[in-house]
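Right, one structure below, let's go through it.
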Amino acid sequence: MKEFLKRIEPKWQKYWEDKKVFRAANPGEPGSEKPKYYCLDMFPYPSGEGLHIGHPLGYTATDIVSRYKRMRGFNVLHPMGWDAFGLPAEQHAIQKGIHPEITTKKNIQTFKRQLSQLGFSYDWSREISTIDPKYYKWTQWLFKRLYEKGLAYQAEVAVNWCPALGTVLANDEVIDGKSERGGHPVERRPMRQWVLKITAYADRLLKDLDGLDWPESTKDHQRNWIGKSEGAKIKFKAENSNEVIEVFTTRADTILGVTFIVLAPEHPQLSKWVSHEQKSKVDIYVNEAARKSDLQRTDLAKKKTGIFSGSYAIHPLSKERIPVWVADYVLANYGTGSIMGVPAHDERDKEFAETMQLPIVPVIGDDEKMLAPPVPGVYSSGAGFKEAAKAVVTALEKNNAGIAATTYKMRDWLFARQRYWGEPIPLIHILDGKDAGKVRLLEDTELPLLLPQVERYEPLGTGESPLAAVREWVDTVDPLTKAKAKRETNTMPGSAGSSWYYLRYMDPHNDKEPWSLAAQKYWGPVDFYLGGAEHAVGHLLYSRFWHKVFFDLGLVSTSEPFQKLVHQGMIQGEDGEKMSKSRGNVVNPDTIIGEYGADTLRLFEMFLGPLEKSKPWNTSSIEGVYRFLTRFWRVVTEEKDSLSPLVKDIPESSWPEPLQILFHKSIQSVTEDIEHLRFNTAVSTLMILGNEIFSYQQKEGAVPRLLVDVMTRLLAPFAPHTAEELWSLLGYKESIAYAAWPSFNVARTKADDFELAIQVNGKLRDSLRVSRSITEAELRPMVLEREGVKKWTEGKEPKKFIYVKEKLVSVVV
Ligand code: ANZ
């Protein structure tokens, strides 16, 4: 590593740690009287690969903000921890036979070492890990609160079953019919599962997005995921039995164009509608459908398939016979799992009708007005479709055959995994006695329910978790009733621990409650949250849901967890491609720190481009950043362990004017750039100021001390080790972490004169340097007498003379 950074970086890291410089003051402690600022990173999954070069991009950005806010007088909470349960550690255990706890803890150590070497100003006294029983005790406790509120239930649901991983997956873990991890095929299967009722919060999750300072694209992603649709539920009675099919439609106006009905293959009432003759054909069809993903089934490009059920329903208005079909383009888990087919006005229904040769009956004309209804009186011909839909719903409501209804695309959150490496779900199933068949949650005093040690991690392949094989753990006795009982063997999904971790940081050592209301009231909500956009509908939706439940329970005082959210871009390989081992374009942060130092890496990652954009790595420009840092270092120290004698008290008034202006302007730009997260332009401003300091030294053989002092403070959030060292050489005894952020004088950010553009008849013809304080009256003769202007006005008195202050003059003749 380049010499000076190699020396000073470990020294300051140790100083920060020993002196607990970044410890945030708890409410009531000295320091807590300052305004609070909670700056949060998405905590990493400690993978075996160690820190990726992309991690420091976001982490440096939040560190700059945290350090800046401290210098501006805030009590800053900037914590870090580990999202440490999850599939990869368990897969590793299966392959290598090493307990996930061992590998995970080792990985955490590596991550922690790497993060410390980058000089991030975390309050490590608040470090948390989701696998720590002291932490997951509270994850279990919070699950209990959800259960008590009726938000956790067991249901037979069509789940995403991944045979290769031997587990079910949440919808956001399935991408194009394959598991997000490993790309294994995923199929639909009915299974008894623990589910959280996130749909009960759908409307609030939707509405409250409006008030959040989040990227619009992420809010839209959540809106689409929640997928609110307003329409109606309409009942169709069976021709020959008392069965009723309820369909969901957003287009009740088209009801008189219905020529068939379709049930999803998994529709729970399907068997009631299948005739004896059609049964074997329907069974075959249903089995085939189970092997397709939702995406395959709803793909518009795919030919529609289906099978007649053998029975008919009666149209609620026209009383006609409507054939009932089974087809997989209708999804079981949306709306009511059945539809009314309107082939004249719905593309998918049209394809289906064409394939199956079903009638197509238009009810709306090309002018988008309703055609005369075949059943008179339901709506008037020529009505708009919205108006007609209202009339239809009113007519149906009278006969108890329909009702206005809202449905959501979002499903309840599947909250059980058939895996080992997760939080045990804290409950037992009672097997005998009067409560046989019931579920009992463990008492709060029985928490944490520890994950037992196991020898084998393989999924059993039966759809049960490896825990089911640990008989001495599974078979138990209810301590309250002495009834025989069986522990729940499913574990919680990875997103359980990450749904509330930001709250634990507020009060991490509390062993009475997950966090105190006082701590939450002081610290909440998170003021700035930075992390990857891939969490848009997973973590970021789940934690909003939990937070709202906590709000309703009085556990938190705000209805949203994260006020401001930003996603950092990706750092691609030097070739502009995604970094990957197979492409051989991976850059390792340890190597870069070893060669150039952490301060260089931090500055460089910020300099690469706008935070939110993806951008390629660029080894040659790291040299430039390094040179900037070294040169400033040399100017101030002459590479000795003391201040250069050339650093002198030279009053600002005797610096050249352009330097004075640059000085104030640089403070202003860096300040505003940090506030707006424009770190790349802040670094270039610092580089320009660095250049000027260097040229001044070359010319004058001296460096103004004030310039060095301010530059050091501006640099502190970006290159904190260098800044600390120079700060101490400047004679300050305290860490620069709490030094006051430099202020500037707006009036001094501009030169007194400026370049005035002169237009004649709308064309730029001349320019002139004038004082900012000049008046229009003073300017007028000066402008009109100029040769460059007279040439175009031919000396005539202008019709108009307009002065746009500090910009231009427009002369019209
Ligand atoms: C009749 C109709 C006529 C429809 C028409 C559309 C256009 P969004 O907006 O996405 O909510 N639908 C309802 N449940 C379904 C399911 N489980 N699987 C597949 N399709 C389903 O879409 C609502 C529309 O999607 C509903 O309105 C229904 O078709 C269909 F000219 O009913 B519609």
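The basis for the numbers below is simple: all heavy atoms, side chains too, and nothing from hydrogens, waters or symmetry mates. As the structure lists them, so they are numbered: ligands from 1, and atoms in each ligand from 1.
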Tell me, with the steps shown, if Phe352 and Phe260 meet ring-ring contact (aromatic ring centres under 6.0 Å, His included).
CA-CA 10 Å; Phe352 189 74; Phe260 58 91; 5.3 Å; yes
For atom 20 (N) of ligand 1, tell me which residue out of Arg348, Met340, Arg251 has the closest non-hydrogen atom.
Arg348
Between Asn490 and Ser465, a side-chain donor and acceptor under 3.5 Å
no
Do the non-hydrogen side-chain atoms of Trp194 and Glu488 ever get within less than 4.5 Å of each other?
yes
Under 4.0 Å, counting heavy atoms only: does Ser229 come that close to any atom of ligand 1?
yes
Report yes or no: does Thr199 contribute a side-chain atom to a donor-acceptor pair with the main-chain N or O of Arg411 at less than 3.5 Å?
no
Take Asp283 and Lys279 through the test salt bridge (Lys or Arg N to Asp or Glu O under 4.0 Å) and record every step on the way to the result.
CA-CA 6 Å; Asp283 284 349; Lys279 182 163 184 336; 2.8 Å; yes
Quick one: do the Arg544 and Gln222 side chains pair a donor with an acceptor below 3.5 Å?
yes
Using distance alone, decide if ligand 1 has a nitrogen or oxygen within less than 3.5 Å of any nitrogen or oxygen in Ala332.
no
Which of the numbered atoms in ligand 1 are under 4.0 angstrom from any heavy atom belonging to Phe248?
13 (C), 26 (C), 28 (C)
Do you see a donor-acceptor pair shorter than 3.5 Å between the side chains of Thr305 and Tyr285?
yes
Kindly identify the option in Val258, Thr336, Thr254 whose heavy atom sits closest to atom 3 (C) of ligand 1.
Thr254
Between Phe528 and Phe562, is the ring centre distance below 6.0 Å?
no
Atom indices of ligand 1, in the order listed, that fall short of 4.0 Å to a heavy atom of His345
5 (C), 31 (F)
Geometric N/O contact Thr250 with ligand 1, under 3.5 angstrom:
yes
Kindly confirm or rule out an N or O of Thr249 lying under 3.5 angstrom from an N or O of ligand 1.
yes
Structural part of Val330 in contact with ligand 1, heavy atom criterion under 4.0 angstrom
both
Could you tell me whether some N/O pair between Lys409 and ligand 1 is separated by less than 3.5 angstrom?
yes
Using heavy-atom distances only, which candidate in Thr407, Leu331, Val262 approaches atom 16 (C) of ligand 1 most closely?
Leu331
